Amino acid sequence: MDFYILTLFPDMVEQALHTSILGRAAQNGCIAIHAVNIRDYTLDKHKKVDDYPYGGGAGMVMQAQPVYDAWKSVAETLGYRPRTVYLTPQGTVFHQAAAKQFAKEEALVLLCGHYEGVDERVLEEIVTDHVSIGDYVLTGGELPAMVLVDAVARMVPGVLTNAESGQAESLEGNLLEYPQYSRPEEWNGKKVPQILLSGDHAKVDAWRREQSILRTMQRRPDLFEKAELTQKEREQYQCRLP
């Protein structure tokens with residue numbers, strides 16, 4: 001899968017996304033990260049890409065021309081109009097189901113805004129999805145773009161070495177992951193739950209399922225309402241809600 005990130009700070013993106021699991025996936029050819037420098041497409045001799053907003057107000061606005069030409073270069077490379085995500089607090093909040101949907105694309109373009117935003121006209125022309133990673137404001141779209149790439153790339157075949165690790169983890173079925181333990185068996189007076197030492201895989205799976213449900217109820221009751229539970233489980237745990 002190809003990720004094209006339209007940004008004013010390509011070094012920031014390149015350094016972060018070519019390490020750890022994503023770096024290995026890029027080396028193996030499972031994904032490709034392309035940081036497209038919007039400044040390379042401005043017609044201004046001083047590489048300026050922003051200007052004052054019409055109507056007045058504080059800050060600057062990214063101009064339509066360099067953003068559009070950067071996007072157009074990607075579209076021409078691909079030979080079609082790609083799905084294009086604008087990272088903005090005004091977008092739909094990103095979640096695991098969205099990561100799975102984006103992972104079905106052969107290529108994904110991510111537009112990182114800065115200053116007071118991007119000229120609305122180019123957003124109307126190129127953007128297919130407006131996405132937010134949370135209800136707060138950051139200095140630019142690079143960090144949200146990297147969050148999205150990390151989450152989506154995990155869904156791409158071959159990125160994770162363990163085929164199950166992308167399935168049995170937090171937020172699958174809108175449930176948080178169960179508690180995890182490693183050696184030693186006792187640490188600081190705290191012991192690993194005995195059932196995990198039993199060797200009975202069926203009982204371990206049942207315990208983990210129960211812990212996932214209980215943890216979601218306690219920490220994310222909003223998710224619990226949307227959790228994929230059997231009718232028996234919902235009746236069993238619903239009565240425990242505060």
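Since we're looking at a predicted model, the values are computed, not measured.
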With the side chain counted from C-beta on, respond yes when [X] and [Y] share a heavy-atom pair under 4.5 Å apart, and no when they do not.
X: L111; Y: I38; answer: yes
X: L8; Y: M62; answer: yes
X: N174; Y: T216; answer: no
X: I5; Y: C112; answer: yes
X: L196; Y: V204; answer: yes
X: H95; Y: L171; answer: no
X: L229; Y: R209; answer: yes
X: E125; Y: W71; answer: no

With clusters defined by side-chain heavy atoms of hydrophobic residues (ILVMFWY) lying less than 4.5 Å apart, directly or transitively, does [Y] cluster with [X]?
X: L22; Y: V147; result: yes
X: L17; Y: M12; result: yes
X: L143; Y: V137; result: no
X: V93; Y: V127; result: no
X: V61; Y: F9; result: no

Over 12 non-hydrogen atoms of neighbours within 6.0 angstrom of [atom1] in [X]:
X: N28; atom1: CG; value: yes
X: R234; atom1: CZ; value: yes
X: K203; atom1: NZ; value: no
X: Y54; atom1: OH; value: no
X: Y52; atom1: OH; value: no
X: E106; atom1: CD; value: no
X: Q236; atom1: CD; value: yes

Only counting residues at least two apart or in another chain, list the ones meeting side chain to side chain donor-acceptor pair (under 3.5 Å) with H130.
none
Can you give me the closest heavy-atom contact between [X] and [Y], atom names plus distance?
X: V36; Y: A70; value: CG1-CB, 4.2 Å
X: D2; Y: H34; value: OD1-NE2, 2.8 Å
X: P193; Y: W207; value: CG-CZ2, 3.9 Å
X: L175; Y: A227; value: CD2-CB, 3.7 Å
X: S182; Y: V192; value: O-CG2, 4.3 Å
X: R219; Y: P221; value: C-CD, 3.6 Å

Nearest 0.5 angstrom please: [X] [atom1] to [Y] [atom2], how far?
X: T88; Y: L123; atom1: OG1; atom2: CG; result: 8.5 Å
X: F102; Y: F3; atom1: CZ; atom2: CZ; result: 10.5 Å
X: L160; Y: M155; atom1: CG; atom2: CE; result: 6.5 Å
X: K232; Y: T230; atom1: NZ; atom2: OG1; result: 7.5 Å
X: Y86; Y: S132; atom1: OH; atom2: OG; result: 11.5 Å
X: L110; Y: E142; atom1: CG; atom2: CD; result: 10.5 Å

Could you walk me through whether E210 and Y178 pass the side chain to side chain contact (heavy atoms under 4.5 Å, CB included) check?
CA-CA 8 Å; E210 179 184 49; Y178 45 80; over 6 Å; no
Walk me through whether V159 and I21 qualify under side chain to side chain contact (heavy atoms under 4.5 Å, CB included).
CA-CA 7 Å; V159 169; I21 292 174; 3.9 Å; yes
Between H114 and T7, is the side chain to side chain contact (heavy atoms under 4.5 Å, CB included) condition met? List the steps.
CA-CA 9 Å; H114 262 276; T7 174; 5.8 Å; no
Could R215 and F224 be counted as a cation-pi pair, given that NZ or CZ must be under 6.0 Å from the ring centre and within 45° of the axis?
no
Report the residues that fulfil salt bridge (charged side-chain N to carboxylate O under 4.0 Å, His left out) with R208, sequence neighbours left out, ordered by chain and then residue number.
none
For a side-chain contact (heavy atoms from CB on, under 4.5 Å) with Q96, tell me which candidate from Q101, R154, E172 qualifies.
E172
Do side-chain atoms of Q65 reach the backbone of Y41 as a donor and acceptor pair under 3.5 angstrom?
yes
Any sub-3.5 Å donor-acceptor pair from T42's side-chain atoms to R39's backbone N or O?
no
Show the numbers, then the answer: is there a side chain to side chain contact (heavy atoms under 4.5 Å, CB included) between L108 and L148?
CA-CA 11 Å; L108 197 63; L148 191 146; 3.8 Å; yes
